[in-house]
Participant: 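Can you read through this structure? Questions will come right after.
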Amino acid sequence: MRKQIAAANWKMNLSQSEADTLLNELLQTDHSLAAHQEAIFAVPAIYIHQATSTLAGKQNVFVAAQNCHQKSNGAYTGEISAPMFASVGVKHIVLGHSERREYFAESDALLAEKVNAVLAIDSTPIFCCGEPLEIREAGTQNSFVEAQLKNSLFHLSAEQIIKVVIAYEPIWAIGTGKTASSEQAQEIHAYIRSVFATKYGQSIADQISILYGGSVKAANAKELFSQPDVDGGLVGGASLIASEFAAIINALK
Ligand code: PGA
């Protein structure tokens, strides 16, 4: 079975002591991970060390970065590179979140470079894609998302693409309380898988985990994750509440 993943995206939230409280509350919740399941915490970079030590020894639990620079080192004040994250034990880096695309003008071409940077240090890019509301209303979401995937990922070899996790996040569902219905999620996840199947073959496409993101919470996770092509979620708001995120972990297939 493909990996099923509950990924928390804390974004730019929580003080150090709030982060500590949340992680410790989570450790006390009743959640469990099977061998094919993972919980990933994309925390603000400044808390990576803290989160890693709090979660140390937990099976199938990983601490991730929310972004990295495309270059490995140099005069880029304020930036953090993929090899730097690797040096502190980070194995997953979220790339191309719609907030980064919008507020930091991250283009498909830049994201292709970042994907290369993450794969070069043998880590997993959690590559985000997804359409804005006007594209969904025009009914052209499939071709919009397909272009994002092609432009940033299609230069990869088959061996590389199976290391990438996709997070489909319709922008109109992020932080809005509006979730795509499980049918809408399944439809576009299946389409995304077919895009990879056409390029890399079905058996490669079948190994790629495709997460859904956009107002995932305890109340809707089970139904979303029960769809055949939905392999878990990338969770913002609900990942800041221990009981919610524990229930989301427990909703994984
Ligand atoms: P949300 O955010 O769960 O708060 O909608 C998801 C995300 O942006 O990754």
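Numbering of residues begins at 1 and proceeds along the displayed sequence. Atoms within each ligand, like the ligands themselves, are counted from 1 in listed order.
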Participant: For ligand 1, what are the residues with a heavy-atom contact below 4.0 Å?
Facilitator: Asn9, Lys11, His97, Glu169, Ala173, Ile174, Gly175, Gly214, Ser215, Leu234, Val235, Gly236, Gly237

Participant: Before giving the answer on salt bridge (charged side-chain N to carboxylate O under 4.0 Å, His left out), spell out for Arg136 and Glu131 the whole-Å C-alpha distance, their side-chain angles and the decisive distance to 0.1 Å.
Facilitator: CA-CA 7 Å; Arg136 172 62 66 163; Glu131 80 285 354; 2.9 Å; yes

Participant: Going by atom type alone, with no hydrogens or angles, which donor-acceptor pairs under 3.5 Å involve a side-chain atom of residues 76-93 and a protein atom two or more places apart or on another chain?
Facilitator:
unit_1: Ser81; atom_1: OG; unit_2: Ser72; atom_2: O; d: 2.9
unit_1: Ser81; atom_1: OG; unit_2: Met84; atom_2: N; d: 3.3
unit_1: Ser87; atom_1: OG; unit_2: Met84; atom_2: O; d: 2.6

Participant: For residues 159-192, which residue pairs pass the ring pair (Phe, Tyr, Trp, His ring centres under 6.0 Å) check, not counting sequence neighbours?
Facilitator: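 Matches after skipping sequence neighbours: Tyr168-His189.
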
Participant: Which distance, rounded to the nearest 0.5 Å, do you find between the CG of Asn151 and the CG of Asp108?
Facilitator: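 So the CG of Asn151 and the CG of Asp108 are separated by 4.5 Å.
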
Participant: Determine which pairs satisfy ring pair (Phe, Tyr, Trp, His ring centres under 6.0 Å) with at least one residue from residues 230-253, sequence neighbours left out, and list them in order.
Facilitator: Phe41-Phe245

Participant: Is the shortest side-chain N to carboxylate O distance from Arg100 to Glu106 below 4.0 Å?
Facilitator: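 Salt bridge present between Arg100 and Glu106.
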
